[in-house]
Amino acid sequence: MAQVGQQTGKDKTAIRPFKVNVPEAELTELRKRIHATKWPERETVNDASQGVQLATIQALARYWTEYDWRNCEARLNALPQFVTEIDGLDIHFIHARSKHESALPLIVTHGWPGSMVEQMKIIEPLTNPTAHGGNASDAFHVVIPSMPGYGYSGKPTTTGWDVSHIARAWVVLMKRLGYTKFVAQGGDWGAVITEQMGVQASPELLGIHTNMPGIFPVEIDKAAFSGAPAPSGLSAEEKVAYERLQFVYQKGIAYGYQMGLRPQTLYGIADSPVGLAAYFLDHDARSYELIARVFKGESEGLTRDDILDNITITWLTNTALSGARLYWENWGKFGYFNAKGVSIPVAVSVFPDELYPAPRSWTEKAFPKLIHYNKLAKGGHFAAWEQPKLLSEEIRVGFRSLRN
């Protein structure tokens with residue numbers, strides 16, 4: 001599966017080189033399992049209200065049997081990958097240094113199990129901004145770790161790897177790489193982790209950027225979760241955000257409840273590639289609509305290979321359940337979307353097809369040191385994946401005031 005440099009002696013802080021090398025037999029077995037899928041009947045509605053539609057998942061499965069994993073493997077192996085042990089667990093990460101030595105160190109976290117694939121698209125414009133409409137002074141040294149239990153990082157064998165623990169581990173990682181000052185960026189789970197880094201406010205952390213900001217006041221978050229009508233007195237922007245959040249709670253995150261309460265029960269997505277793919281596709285309504293269009297052959301920010309790169313990493317590493325346990329670890333501890341008391345500088349980018357469009361009013365209250373706020377014209381939940389150019393520009397602009 002992977003080749004990792006050997007740990008020398010008892011030095012658990014050693015940074016070992018890493019390469020991906022999937023045996024051909026595993027790819028053959030994957031295709032065999034896809035061909036052997038036991039299909040249910042078609043949904044009884046003409047929309048996605050019952051979940052991932054049969055036509056979409058069958059189109060994905062057909063393409064998956066022809067898909068070439070080696071292309072993704074080669075792209076991964078063209079990047080500098082490493083593994084180091086933190087708190088008894090191997091953490092896998094990409095460490096792409098800019099040719100500009102004055103570059104600002106940046107740690108980037110997302111959420112889907114193959115998040116490193118999503119983030120690969122922003123490495124080049126961040127490390128080499130002069131080739132992408134930026135200046136040398138906007139350069140970053142980029143670190144992209146895989147969360148515990150995700151991708152090529154180790155799988156926790158005991159409880160305790162929750163959001164707070166991961167946030168602390170990322171500071172350890174950056175300091176181990178020699179960075180005494182750095183910034184952090186996140187979306188999806190990465191947004192929750194990055195905000196928790198902001199709450200912990202390590203002196204090395206200059207500021208954070210998020211494209212899924214936790215901005216809802218506690219009482220608003222609770223009302224949306226309960227299904228109550230929008231409270232009176234909300235502005236037009238706040239009402240839209242409230243209604244979108246309410247939709248997420250009521251119809252958008254069934255998978256999150258299952259993973260948060262009973263992750264070990266999900267043996268089906270560890271045993272069936274198509275079951276895993278369907279579970280991934282049903283993340284949020286707008287992302288699903290985009291992915292469904294991709295498998296109809298329409299041109300979008302994503303390609304069919306983009307989607308299957310992500311799912312295939314999870315299948316090959318058998319991390320469906322180890323990733324699901326992160327929801328269990330955080331159940332009842334931290335909300336996903338509520339304000340959390342971040343007091344350090346924060347930059348926010350609002351993509352229109354995110355789970356909710358964060359209003360400036362709530363954003364300013366949630367982040368008293370807001371240094372950047374911008375609404376984008378396109379893009380959704382997986383911004384680095386769908387709109388890498390726009391997100392890279394946002395990160396460069398968002399952190400510009402924190403340099404030097």
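- One finds no salt bridge joining Asp87 and Arg168 here, because no Lys/Arg side-chain nitrogen approaches an Asp/Glu carboxylate oxygen to under 4.0 Å.
- A salt bridge links Glu24 with Arg31: the closest approach of a Lys/Arg side-chain nitrogen to an acidic carboxylate oxygen falls below 4.0 angstrom.
- A cation-pi contact, defined as under 6.0 Å to the ring centre and within 45° of the axis, is absent between Arg325 and Tyr150.
- Every salt bridge (charged side-chain N to carboxylate O under 4.0 Å, His left out) that Glu393 has, sequence neighbours left out, goes to Lys389.
- Side-chain atoms of Thr65 come within 3.5 Å of backbone N or O of Arg62 as a donor-acceptor pair.
- Residues forming a salt bridge (charged side-chain N to carboxylate O under 4.0 Å, His left out) with Arg400 (at least two apart in sequence, or on another chain): Asp138.
- Every residue two or more places apart in sequence or in another chain was checked for a salt bridge (charged side-chain N to carboxylate O under 4.0 Å, His left out) with Arg396, and none qualifies.
- Residue pairs meeting the side-chain hydrogen bond (donor to acceptor under 3.5 Å, both in side chains) criterion with at least one member in residues 329-339, sequence neighbours excluded: Asp162-Lys333.
- Between Lys222 and Glu219, none of the side-chain N atoms (NZ, or NE/NH1/NH2) sits under 4.0 Å from a carboxylate O, so this pair counts as no salt bridge.
- Here the side chains of Val183 and Pro105 are not in contact, with every heavy-atom distance at 4.5 Å or above.
- Each of Ile313, Thr314, Ile307 was compared with Ile311 under the side chain to side chain contact (heavy atoms under 4.5 Å, CB included) criterion, and only Ile307 meets it.
- The salt bridge (charged side-chain N to carboxylate O under 4.0 Å, His left out) search around Lys181 returns none, not counting sequence neighbours.
- Ring centroid separation for the pair Tyr249 and Phe225 comes in under the 6.0 Å cut-off.
- Evaluation of the ring-ring contact (aromatic ring centres under 6.0 Å, His included) rule for His372 yields no partner, not counting sequence neighbours.
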